[in-house]
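Worksheet: one structure, shown below.
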Amino acid sequence: MSRIEAVRGTQDLLPEDTARWQEAERRIRDVLTRYGFGEIRTPVFEHAELFRRSLGLGSDVVAKEMYEFTDKGDRQLALRPEGTASVVRAFIEHSLPQKGGRHKLYYVCPVFRYDRPQKGRFREHHQVGVEVFGNPAPSQDVEVMDLGDAILGALGVSGFERRINSNGDPACRPAYEAALRAFVEGRKDRFCKDCAGYRLEHNVLRVLDCKVEACRAATADAPKLVDHLCDACRAHHETVLAHLRTLGLDVVPDPRLVRGLDYYTRTCFEYVPKDAGQQGTLLGGGRYDGLVELLGGPPTPGVGFGMGLERVLDAAPREPAAPSLAAFVLSTSVDAYPRAFRLAQALRRAGVACELGQEGKSLNSQLRASGSSGAGWAVFVAPGTGSVGLKNLATHVQEDVAEGEVAGRLAPAKP
RNA sequence: GUGAGUGUAGCUCAAUGGUCAGAGCGCCUGGCUGUGGCCCAGGAGGCUGUGGGUUCAAUUCCCAUCACUCACCCCA
């Protein structure tokens, strides 16, 4: 009988991990609140069609990475492979566009992709995402980028690079794609077979971020999208750069930066650690002015990003965990256990975090446990009634204290 | 989806084609004459990932499968 293990690419988080995750999430939510964002929660699964429509049939995510299934009612469903589509769906479904104004939403949730697992890549991972609807201004792009920066800062992550580019919009991108296609076609022999093949056919922009050395060399003098932007896109991009300077955010222009998803327009950005390998992208996002309309809503500008929590936590410094226990109650003999049990109950109800030596264990064993528990105090309980021994485990000083006074001595001061 | 490496006690790792597969750490019990972190002694715990094959004999050789790690692809 073989035992059942966690599904490939998924992982369990044990208490030593969840303590760190909880602290990180607390800080993240704190920053988001300060930036005026409200949380949205959407289902983990949706109609598969939602993702097909928003990401595009040609995307890798839709083509081969979705966890799709049919439910008992014959619905074609999929576990969400990313967060934006669901948020846009809910945004439209609840008639938020009709309410006008600006909507700033965030989410923290698991997402699923059928990928081959490796360092920094899982089949289930967690994203913090933000989406802002209703504001076409360049400053909105920058507020979102600054927010990403603030979150990473709150988690102690440093040493990353902010890369930025503009993907243009439906008015100017087609002309650029034609120019790039002509460029590649003119020297097919200098590109790898993927680039000269289906990328040239289906998604020329992808040729720009091919990792093959020959392709990188061959595209060195390729036409750049930033040089082909229409006036509106160029103005937008330049204002974004100006606002970034205003806020003191250094960025690295990256003409090769192309988002893999079809709905991005104009600004796109990625924050990557300077020393990491290929799987290091901490956060990626950009503007998607056409998406709401694509999914059946009124034309509505949007901008946001998705941040991979596993990767961010991997890049964040590990801080020593604060001890969570105040006291450890030990029974000096089996007869004393009921009394120790009752004292532990009283302490816990009085607000003292305490642990109790296991029933039946030797005093020596209980002491070892108290030592490694991190508790500041040990309480020795002997059979009978009256006082108990209260020992400060750091100073080794022990004194007799009436049982009823222990809680008072250990309870945190009430405000 | 492609390629490479790994899979032996809870953890980190040894070992050999052949009698009972080892160590350190951890864990349990005890001692240091009723109180922890040091030290000492003893103990529990492995069908050597799973399934086949070769062989008189396999943990060791071969195949498959699963998982993990790393890279490609793609992304967070």
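In what follows, chains are A, B, ... by sequence order, proteins preceding strands, each numbered from 1.
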Notebook entry, point to check: Considering Watson-Crick and G-U wobble pairs with both distances under 3.5 Å, what does B/U35 pair with?
Noted result: none
Check: With sugar-phosphate meaning primed atoms plus P, OP1 and OP2, does A/Glu270 contact a base, only sugar-phosphate, or nothing at under 4.0 Å between heavy atoms?
Finding: nothing
Check: Does the pair A/Glu319/A/Arg27 count as a salt bridge with the N-to-O cut at 4.0 Å?
Finding: yes
Note to self: Students often get this wrong, so: under 4.0 angstrom with heavy atoms, is A/Gly9 touching a base, only sugar-phosphate, or nothing?
What the structure shows: sugar-phosphate
Item checked: Rounded distance (Å) that lies between atom P of B/C39 and atom CZ of A/Arg368 -> 13 Å
Note to self: Could you tell me how far B/U19 sits from B/U12 if I compare only their C1' atoms? Round to whole Å.
What the structure shows: 29 Å
Check: If you look at every heavy atom in A/Met66 and A/Ala48, which pair is closest and at what distance?
Finding: CE-O, 4.1 Å
Notebook entry, point to check: How is A/Leu309 classified with respect to the nucleic acid when contacts are heavy atoms under 4.0 Å: base, sugar-phosphate, or nothing?
Noted result: nothing
Next item on the list: Rounded to whole angstrom, note down the P distance from B/A21 over to B/G26.
Entry: 25 Å
Next item on the list: Rounded off to whole Å, could you give me the CZ-to-C1' distance for the A/Phe380 and B/G34 pair?
Entry: 11 Å
Item checked: 5′-ward residue of the pair A/Ala394/A/Lys361 relative to RNA chain B -> A/Lys361
Next item on the list: Pick the P atom in B/G5 and in B/C39, then give their distance to the nearest Å.
Entry: 42 Å
Next item on the list: Round to the nearest Å and state the distance from A/Gln118 atom CD to B/A67 atom P.
Entry: 16 Å
Note to self: How many whole angstroms separate atom NZ of A/Lys391 from atom C1' of B/G34?
What the structure shows: 13 Å
Note to self: Roughly how many Å apart are B/U35 and B/U16, using the C1' atom of each and rounding to a whole number?
What the structure shows: 48 Å
Check: Which one is paired to B/G1, where only Watson-Crick or G-U wobble pairs with both distances under 3.5 angstrom count?
Finding: B/C72
Checklist line | Residue mapping more 5' on RNA chain B - nearest nucleotide basis, A/Glu5 or A/Leu283 | finding: A/Glu5
Next item on the list: Classify the side chain of A/Gln366 versus the base of B/U35 as yes if they form a donor-acceptor pair under 3.5 Å and no if they do not.
Entry: no
Check: Between A/Asn364 (CG) and B/U33 (P), how many Å, whole number?
Finding: 13 Å
Check: In whole Å, what is the span from the CG atom of A/Leu208 to the P atom of B/C74?
Finding: 12 Å
Check: Any donor-acceptor pair under 3.5 Å joining the side chain of A/Arg116 to the base of B/C72?
Finding: no
Next item on the list: Pick the P atom in B/C20 and in B/U59, then give their distance to the nearest Å.
Entry: 12 Å
Check: Which nucleotide, in any strand shown, forms a Watson-Crick or G-U wobble pair with B/U55, with both distances under 3.5 Å?
Finding: none
Item checked: Value in whole Å for how far the P atom of B/C66 lies from CZ of A/Arg123 -> 11 Å
Next item on the list: Please measure how far the C1' atom in B/G36 lies from the corresponding atom in B/G30, and state the result in whole Å.
Entry: 16 Å
Notebook entry, point to check: Between A/Ile4 (CD1) and B/A67 (P), how many Å, whole number?
Noted result: 13 Å
Checklist line | Base-pairing mate for B/A67 - Watson-Crick or G-U, with both contacts under 3.5 Å | finding: B/U6
Note to self: Do the side chains of A/Arg348 and A/Glu355 get close enough for a salt bridge, i.e. N-O under 4.0 angstrom?
What the structure shows: yes
Notebook entry, point to check: Looking only at side-chain N and O atoms, does A/Ser362 come under 4.0 Å of OP1 or OP2 in B/G30?
Noted result: yes
Next item on the list: Provide the Watson-Crick or G-U wobble partner of B/G17, both distances under 3.5 Å; none if there is no partner.
Entry: none
Check: In whole Å, what separates the C1' atom of B/A9 from that of B/C47?
Finding: 13 Å
Notebook entry, point to check: Quick one: do A/Arg20 and A/Glu23 make a salt bridge, cutoff under 4.0 Å?
Noted result: no
Note to self: Taking 4.0 Å as the cut-off, does a side-chain nitrogen or oxygen of A/Ser365 come that near to OP1 or OP2 on B/U29?
What the structure shows: yes
Margin query: Check for me whether A/Arg123 meets the cation-pi criterion with A/Tyr114, that is, NZ or CZ under 6.0 Å from the six-membered ring centre and within 45 degrees of the ring axis.
Written below: yes
Notebook entry, point to check: So what does A/Phe122 hit on the nucleic acid, given a heavy-atom distance under 4.0 Å: a base, only sugar-phosphate, or nothing?
Noted result: base
Next item on the list: Answer with yes or no whether A/Arg121 presents, from its side chain, a donor or acceptor under 3.5 Å of a partner atom in the base of B/C70.
Entry: no
Next item on the list: Mind telling me whether A/Tyr271 and A/Phe160 have parallel, tilted or perpendicular rings, with 30° and 60° as the class edges?
Entry: parallel
Item checked: Watson-Crick or G-U wobble partner of B/G42, both distances under 3.5 Å -> B/C28
Next item on the list: May I ask you to decide whether A/Lys64 forms a salt bridge with A/Asp60, counting only side-chain N to carboxylate O separations under 4.0 Å?
Entry: yes
Item checked: B/G1 to B/C74 separation - C1' atoms, rounded to the nearest Å -> 11 Å
